[in-house]
Enquirer: 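Structure below; questions to follow.
Naming convention: chains lettered A, B, ... in sequence-line order (proteins, then strands); numbering from 1 in each chain. Side chains included, hydrogens not; waters and symmetry mates left out as well; all remaining heavy atoms used.
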There are 2 protein chains.
Amino acid sequence: MKGSQVTIKDIAKALDISPSTVSRALKDHPDISPATKKAVKELAEELNYQPNSIALSLRQRKSNTIGVIIPEIVHFFFSTVISGIEDVAYDAGYSVIVSQSNESYDREVMDTQALFNNRVDGMLISMSRETTNYDHFLSIYKKGMPMVFFDRACDALKTSQVLVDDFDGAYQATEHLIKQGYQRIAHLGGPVSLLISRKRLEGYKAALKAYNVPLDESLILSDHSSDDEDNAKEITSMLLDSPNPPDALFAINDIAALGAMMAVKEKGLKIPKDFGLVGFSNWRFTSMTDPAMTTIDQPGFAMGQEAARLLIKEIEAKEDEVIEPETITLKTNIIVRASSVRS
Amino acid sequence: MKGSQVTIKDIAKALDISPSTVSRALKDHPDISPATKKAVKELAEELNYQPNSIALSLRQRKSNTIGVIIPEIVHFFFSTVISGIEDVAYDAGYSVIVSQSNESYDREVMDTQALFNNRVDGMLISMSRETTNYDHFLSIYKKGMPMVFFDRACDALKTSQVLVDDFDGAYQATEHLIKQGYQRIAHLGGPVSLLISRKRLEGYKAALKAYNVPLDESLILSDHSSDDEDNAKEITSMLLDSPNPPDALFAINDIAALGAMMAVKEKGLKIPKDFGLVGFSNWRFTSMTDPAMTTIDQPGFAMGQEAARLLIKEIEAKEDEVIEPETITLKTNIIVRASSVRS
DNA sequence: ATCGTCTTCGCAAACGATTGCATAAAATCA
DNA sequence: TGATTTTATGCAATCGTTTGCGAAGACGAT
């Protein structure tokens, strides 16, 4: 850039004093005379002096930047989380660098390393669904990098984490279907490598048990596609063609639920009369499907805020201070819509 | 962090040579003897030396970071753009700092300044809808900061920009409605402060003219809400209650179209039989509404890529090289769905 | 006149890496 | 052997800011 910014040296030269004096004057150091302070501050104001944050970072060994690794930005839930992170980080004076793994393990490893080399002060991470090996996190964790996991956490590391109550959300979803009188409730789950998949499965099972609904393992299936509804549609279609089909389904997420909805419609079944459906995440589109989809609200913005708060607390802790890893679990709420109300 | 990273000095000390030699050895400077190079490289590898990017930034007066200012991350279109930006930036060795204005002018001014102080090498900007004054952009532009606008551009600055063909998209939408036999086609526009609003309005008018459909100014309305459909719903409702109501509507974006859809349904009109509807942007949910919504596809990912490419080209131009501002206009395509097909 | 005490400021090193210039040692040539 | 070139390396400044330490000058006290 042509008009390079004014520095402390420029001010020092103009006032014929030393850079150190300018530096101290700007931060009201008691050693500096009021007259000098006034002169310095006035000139700084006039020249629109802005401290060079890169020089500061170097000096203080702190970049005031936090790195975020998420599977995909274009997912409504994750973009909401970023928004929450940004909200807190901005107020605390941190910049946010976002990188996405695109659900790829390799890319996640590279992202982690890149953020580390960029000297971020801490990391907020939600793992890709491919990830089953945690060495890339572990190695920088051991070097003292503050990190907080959110949503898709890593139980191999004892870091702070922010989760939603997946168990309870799944429980509420299943309970709701049971109470609506559905008899055979299927579950379309996610990859078991993700803790959230397992938790939701557990909540589903717990609700069945609590209401004495027999558990049929053949009704528990797994969807491995991440971003489109086709796989879910296919699986549901097969399920409906089986000899003893379900009359309701609780899906791991809203996209999968949408795929299921399409399959159910194709079979000529009426929702919610013949078939009940519940998704997970409360994506924006769920209120716009036909019929509108019942789902579990997942507070993404709050999750981002909490995660950023925990991380910044850890970053700014004194050297000797020991920070105990914290786990924050956010409440989920069922949003009841037409897709599951039989009455 | 406890395990502070190894530096060039550490390597120098271990090998009992000077830091400059290490620096040169690492980058294969011809002055360094093969033996020294080998020793340095081996030790660097062993200690997992990673250059400190902050020190590099300071030295080279370049942060290898680009700043992005967008209205809201949680909008599908914008998150898609970010994804495209990240795609290109990552490969070129740049980090991406994202900040959102939340459609607020004040916040946009602060964001601009914050990114500038963070010494980003360039900026990618899509203006807030509140913005009518461009001084905050102009002042840093004059200091030589490379910047590229996308989608919501700023015609007051002669920077590069990446746009979609809003005029043509609107033309296609309106033409389609005309060809489907709708007679009185309304337009629900956006704030005239945004160039895209004006372009889309022009496209609408041009199509009417081309097909000799009389232009009725009372059918042109403006939606000022950004993120929800309520305002659009209200306006459409009033329009339908007027003495001479429209039988079709082209909305500035999909959210507004959704609001309109709700209003039309409430009046008991059938879509597309009694009323035709076209949105803009091809948001994800448009394929899931009932009936599915006709819309104009806006290539967000490609837009992000192009914008990032233009910006990086500008950043990396030699000092004396003069970069002519470029305007890239991406094609829009109509996605015809049930909401507008009368046959 | 000497000493001590403030007040106010500058020097220099540091953060980590780069680079123009100088220089010592080694190799080449006459 | 002496002069010259080549090779390999180090010194020191630089990017912009901070900070421990030292010091000059003013002033009062003895």
Enquirer: Starting at CD of B/Gln60 and ending at P of C/dT18, how long is that distance when rounded to a whole Å?
Expert: 7 Å
Enquirer: Anything under 3.5 Å between a protein N or O and an N or O of nucleotides 4-8 of chain C, put it in a table, one pair a line.
Expert:
none

Enquirer: Taking the side chain as everything from C-beta on, heavy atoms only, tell me whether B/Val22 gets closer than 4.5 Å to B/Val40.
Expert: yes
Enquirer: Atom CZ of B/Arg119 and atom P of D/dC15: how far apart are they, to the nearest Å?
Expert: 14 Å
Enquirer: Assess, by modelled atom type and distance only, whether the side chains of B/Gln113 and B/His136 contain a donor and an acceptor separated by less than 3.5 Å.
Expert: no
Enquirer: Between P on C/dA17 and CG on A/Asn117, what's the gap in Å once rounded to a whole number?
Expert: 11 Å
Enquirer: Starting from P on D/dT17, measure out to CG on A/Leu26 and report it in whole angstrom.
Expert: 9 Å
Enquirer: Is there a side-chain contact between B/Ser23 and the phosphate of C/dT18, meaning an N or O under 4.0 Å from OP1 or OP2?
Expert: yes
Enquirer: Looking just at side-chain N and O atoms, do A/Ser101 and A/Ser104 make a donor-acceptor pair shorter than 3.5 Å?
Expert: no
Enquirer: Taking 4.0 Å as the cut-off, does a side-chain nitrogen or oxygen of B/Arg61 come that near to OP1 or OP2 on D/dG16?
Expert: yes
Enquirer: Quickly work out the A/Leu15 CG to C/dG10 P distance and round it to whole Å.
Expert: 10 Å
Enquirer: Evaluate the side-chain proximity of A/Leu115 to A/Met123: yes if any heavy-atom separation is below 4.5 Å, no if none is.
Expert: yes
Enquirer: Give a yes or no on whether the ring-centroid distance for B/Phe137 and B/Phe149 is below 6.0 angstrom.
Expert: yes
Enquirer: Can you name the side-chain hydrogen bond (donor to acceptor under 3.5 Å, both in side chains) partners of A/Ser63, sequence neighbours left out?
Expert: A/Asp121
Enquirer: Quick one: A/Leu58 CG to C/dT18 P, roughly how many Å, whole number?
Expert: 13 Å
Enquirer: What residues, two or more places apart in sequence or in another chain, satisfy side-chain hydrogen bond (donor to acceptor under 3.5 Å, both in side chains) together with A/Tyr90?
Expert: B/Asp111
Enquirer: What is the separation between atom NZ on A/Lys62 and atom P on D/dT18, rounded to the nearest whole Å?
Expert: 14 Å
Enquirer: Ignoring hydrogens and geometry beyond distance, is a side-chain donor-acceptor pair present between B/Gln100 and A/Ser83 at under 3.5 Å?
Expert: yes
Enquirer: Kindly calculate the angle separating the two end axes of the helix from C/dA1-D/dT30 to C/dA30-D/dT1, each obtained from five base pairs, and round it to 10 degrees.
Expert: 80°
Enquirer: Taking only N/O atoms, report every protein-nucleotides 10-14 of chain D pair under 3.5 Å with atom names and distance.
Expert:
from: D/dG10; atom 1: OP1; to: B/Ser18; atom 2: N; distance (Å): 3.4
from: D/dG10; atom 1: OP2; to: B/Ser18; atom 2: N; distance (Å): 2.9
from: D/dG10; atom 1: OP2; to: B/Ser18; atom 2: OG; distance (Å): 3.0
from: D/dG10; atom 1: OP2; to: B/Thr21; atom 2: OG1; distance (Å): 2.4
from: D/dG10; atom 1: O6; to: B/Arg24; atom 2: NH2; distance (Å): 2.7
from: D/dC11; atom 1: N4; to: B/Ser20; atom 2: OG; distance (Å): 3.1
from: D/dT14; atom 1: O2; to: B/Arg59; atom 2: NE; distance (Å): 3.0

Enquirer: Output all residues satisfying side-chain hydrogen bond (donor to acceptor under 3.5 Å, both in side chains) with A/Asp87, sequence neighbours left out; order by chain, then residue number.
Expert: A/Gln305
Enquirer: When you check the side-chain N and O atoms of A/Thr131 and A/Ser128, is any donor under 3.5 Å from an acceptor?
Expert: yes
Enquirer: With a 4.5 Å cut-off on side-chain heavy atoms, are B/Val68 and B/Ile97 touching?
Expert: no
Enquirer: For B/Ile54 and D/dG16, give me the distance from atom CD1 to atom P, rounded to whole Å.
Expert: 16 Å
